[in-house]
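Structure record follows, encoded as structure tokens.
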Amino acid sequence: MTEKEHHSEIFVEKRARALAMMLLTRRADLLIEEVKDDIGLDYIVRFRTKGKEGLREFGVELRGVWAAVSKDEADKVLRPSVQEMKRYGPFLRPVCLFCFTMENDGAWFTWVAEPIEAEDGTPKLRCCGEPDCRQLDKRALKEILERVDWWYDAIFPSLIVNGPGGGRADRKGAKQ
């Protein structure tokens with residue numbers, strides 16, 4: 001890699017981070033933590049939902065590309081990144097991969113660990129082996145947060161035995 005290519009790569013990475021922060025910080029209810037360790041994530045985004053207990057969070061990994069891309073091109077560009085992220089999984093929280101384009105400040109996202117409802121109605125995280133990119137904007141971010149929020153609403157009752165109303169019987173059930 002030439003020095004010029006190296007500087008270009010650093011520029012794209014820094015700009016992708018800046019664009020991600022611009023998108024995420026438009027919402028005052030989000031707490032964005034930059035991940036310093038090599039755990040396959042650039043950010044952990046946390047939030048609380050009014051009227052609900054518990055902190056909700058999801059992971060974000062970032063990529064950046066120079067050219068504006070279509071959905072099919074974004075899928076192709078992010079395929080190696082989705083495959084690479086598998087080595088960090090399975091993830092225990094929902095995870096998205098964000099991709100920002102330098103040419104037009106466009107943005108795409110795909111789920112890496114997608115919150116879904118299984119056939120039996122239980123909440124699960126689906127490890128995605130292939131990208132299915134969608135445009136990323138304020139509306140898409142709202143939809144991501146709603147999916148994450150729904151997943152935590154569904155998963156908390158199966159994980160927490162000493163929440164509101166939890167009594168001695170709940171604790172006994174946990175020992176079995």
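Just the heavy atoms: all of them, side chains too, but no hydrogens, waters or symmetry mates, feed the values below.
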_Enclosure of Leu92 CG (heavy-atom neighbours >12, cutoff 6.0 Å)_ =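 Open: at most 12 neighbouring heavy atoms sit under 6.0 Å from CG of Leu92.
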
Distance-minimising heavy-atom pair for [X] and [Y]:
X	Y	value
Leu145	Phe58	CD2-CE2, 3.5 Å
Val35	Leu41	CB-O, 3.4 Å
Gly59	Arg93	N-CD, 3.7 Å
Trp150	Pro115	CZ3-C, 4.1 Å

Quick check on the hydrophobic clustering: are [X] and [Y] connected, directly or via other members, by side-chain heavy-atom contacts under 4.5 Å?
X	Y	answer
Val95	Val82	yes
Trp151	Val45	yes
Leu23	Val65	no
Leu125	Ile116	no
Val77	Trp111	no

In Å and rounded to the nearest 0.5 Å, what is the [atom1] to [atom2] distance from [X] to [Y]?
X	Y	atom1	atom2	answer
Ile44	Leu31	CD1	CG	10.0 Å
Asp137	Gln135	CG	CD	6.5 Å
Leu24	Lys138	CG	NZ	13.0 Å
Leu19	Cys99	CG	SG	10.5 Å

4.5 Å side-chain heavy-atom contact, [X] and [Y]:
X	Y	answer
Glu61	Val112	no
Pro94	Tyr152	yes
Tyr88	Asp38	yes
Val148	Phe47	yes
Ile155	Pro123	yes
Leu62	Glu13	no
Leu30	Leu141	yes
Phe91	Met85	yes

Applying salt bridge (Lys or Arg N to Asp or Glu O under 4.0 Å), name anything that partners [X], two or more places apart in sequence or on another chain.
X	result
Glu73	none
Lys36	Glu34
Asp149	Lys52, Arg56
Arg134	none

_Ring centroid separation Phe100 to Trp66 under 6.0 Å_ = no

Side-chain ion pair, [X] and [Y], N-O less than 4.0 Å:
X	Y	result
Arg17	Asp42	yes
Lys71	Asp132	yes
Lys124	Glu114	no
Glu84	Lys86	no
Arg46	Glu33	yes

Checking [X] side chain against [Y] main chain: does a donor-acceptor pair fall under 3.5 Å?
X	Y	value
Asp37	Ile39	no
Thr101	Gly106	yes
Thr25	Met21	yes
Glu103	Ala67	no
Thr110	Leu97	no
Asp75	Cys133	yes

*asked:* So, using side chain to side chain donor-acceptor pair (under 3.5 Å) as the criterion, who are the partners of Arg15 when residues are at least two apart?
replied: Asp105

*With sequence neighbours left out, what residues match Glu119 under side chain to side chain donor-acceptor pair (under 3.5 Å)?*
none

*Begin with the C-alpha distance, continue with both residues' side-chain angles, and end with the deciding distance and a verdict on side chain to side chain contact (heavy atoms under 4.5 Å, CB included) for Leu55 and Arg48.*
CA-CA 5 Å; Leu55 186 66; Arg48 291 192 181 275; 3.9 Å; yes

_Evaluate Glu146 against Lys142 for salt bridge (charged side-chain N to carboxylate O under 4.0 Å, His left out), listing each step before the verdict._
CA-CA 6 Å; Glu146 287 170 352; Lys142 182 178 185 273; 2.8 Å; yes

_Val69/Trp108 under side chain to side chain contact (heavy atoms under 4.5 Å, CB included): CA gap, chis, key distance, verdict_ = CA-CA 9 Å; Val69 294; Trp108 297 91; 3.5 Å; yes

*Taking it one step at a time, do Cys96 and Phe98 satisfy side chain to side chain contact (heavy atoms under 4.5 Å, CB included)?*
CA-CA 6 Å; Cys96 287; Phe98 289 2; 3.6 Å; yes

*Determine whether the side chains of Ser70 and Asp72 contain a donor N or O and an acceptor N or O closer than 3.5 Å.*
no

